[in-house]
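Only this structure's heavy atoms are used, side chains among them; waters, hydrogens and symmetry mates stay out.
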Amino acid sequence: MVSEPTVEDATKRIYESLRADNEDIDRHIATLKAALARAGLKEAVFDPARLVQNNRSGRKLMQAYFRQRGVTVKFSAE
């Protein structure tokens, strides 16, 4: 039996995808959305220090893109 990815696993894959010029980002967002639902969570929390574009416009763009795919994004305090 293959276990479903956890929120932590899905978030890690998104960081990797962002570093790889958004490769397979939509698939990873869908995985994260499913993991959040299984965990009963409403939003994904990302560490802004691990983002490729850690500026206000980069974070807002990420939030908007994820929101269009049904995932609410928050950023942890630095």
Side-chain angles (χ1 to χ4, degrees):
M1 182 175 138
V2 176
S3 66
E4 296 288 334
T6 64
V7 172
E8 185 178 329
D9 293 337
T11 302
K12 181 179 172 212
R13 289 188 186 123
I14 287 174
Y15 286 129
E16 291 167 359
S17 178
L18 291 172
R19 282 192 297 276
D21 201 25
N22 298 332
E23 183 177 324
D24 295 329
I25 191 72
D26 289 333
R27 183 168 52 94
H28 295 310
I29 293 171
T31 302
L32 176 61
K33 185 177 179 180
L36 287 168
R38 283 191 303 277
L41 300 173
K42 300 276 186 216
E43 59 193 30
V45 179
F46 288 89
D47 178 358
R50 294 184 65 188
L51 300 179
V52 175
Q53 285 196 311
N54 181 18
N55 56 30
R56 186 177 189 282
S57 64
R59 291 188 304 269
K60 292 296 179 187
L61 181 64
M62 182 179 174
Q63 285 178 316
Y65 192 82
F66 279 57
R67 184 174 47 248
Q68 290 171 349
R69 281 141 189 87
V71 176
T72 301
V73 170
K74 299 288 182 193
F75 296 100
S76 60
E78 294 183 80

Find the distance between [atom1] ([X]) and [atom2] ([Y]) and round it off to the nearest 0.5 Å.
{"X": "Lys12", "Y": "Thr6", "atom1": "NZ", "atom2": "OG1", "value": "10.0 Å"}
{"X": "Gln63", "Y": "Leu61", "atom1": "CD", "atom2": "CG", "value": "10.0 Å"}
{"X": "Glu16", "Y": "Glu23", "atom1": "CD", "atom2": "CD", "value": "10.5 Å"}
{"X": "His28", "Y": "Leu18", "atom1": "NE2", "atom2": "CG", "value": "9.5 Å"}
{"X": "Phe46", "Y": "Met62", "atom1": "CZ", "atom2": "CE", "value": "4.0 Å"}
{"X": "Ile14", "Y": "Leu32", "atom1": "CD1", "atom2": "CG", "value": "4.0 Å"}

Side-chain donor/acceptor of [X] to backbone N/O of [Y], under 3.5 Å:
{"X": "Tyr15", "Y": "Asp47", "value": "yes"}
{"X": "Glu43", "Y": "Lys74", "value": "no"}
{"X": "Thr11", "Y": "Val7", "value": "yes"}

**OP:** List the steps, then state whether salt bridge (charged side-chain N to carboxylate O under 4.0 Å, His left out) holds for Arg27 with Asp24.
**Re:** CA-CA 5 Å; Arg27 183 168 52 94; Asp24 295 329; 2.9 Å; yes

Side-chain heavy-atom pair [X], [Y] within 4.5 angstrom cut-off:
{"X": "Phe75", "Y": "Val45", "result": "no"}
{"X": "Pro5", "Y": "Arg38", "result": "yes"}
{"X": "Lys42", "Y": "Thr72", "result": "no"}

**OP:** Mind running side chain to side chain contact (heavy atoms under 4.5 Å, CB included) on Arg59 and Asn54 for me, showing each step along the way?
**Re:** CA-CA 7 Å; Arg59 291 188 304 269; Asn54 181 18; 2.9 Å; yes

Original post:
So with a 6.0 Å cut-off around CG of Asp21, is the heavy-atom count from everything else above 12?
Top reply: no

Subject >> Within 6.0 angstrom of Gln68 CD, more than 12 heavy atoms from elsewhere >> reply: yes

Original post:
Would you say Val71 and Leu41 are hydrophobically clustered, going by side-chain heavy atoms of ILVMFWY under 4.5 Å?
Top reply: yes

**OP:** List in chain and number order the residues that pass side chain to side chain donor-acceptor pair (under 3.5 Å) with Tyr65, two or more places apart in sequence or in another chain; answer none if no residue qualifies.
**Re:** Asp26, Arg69

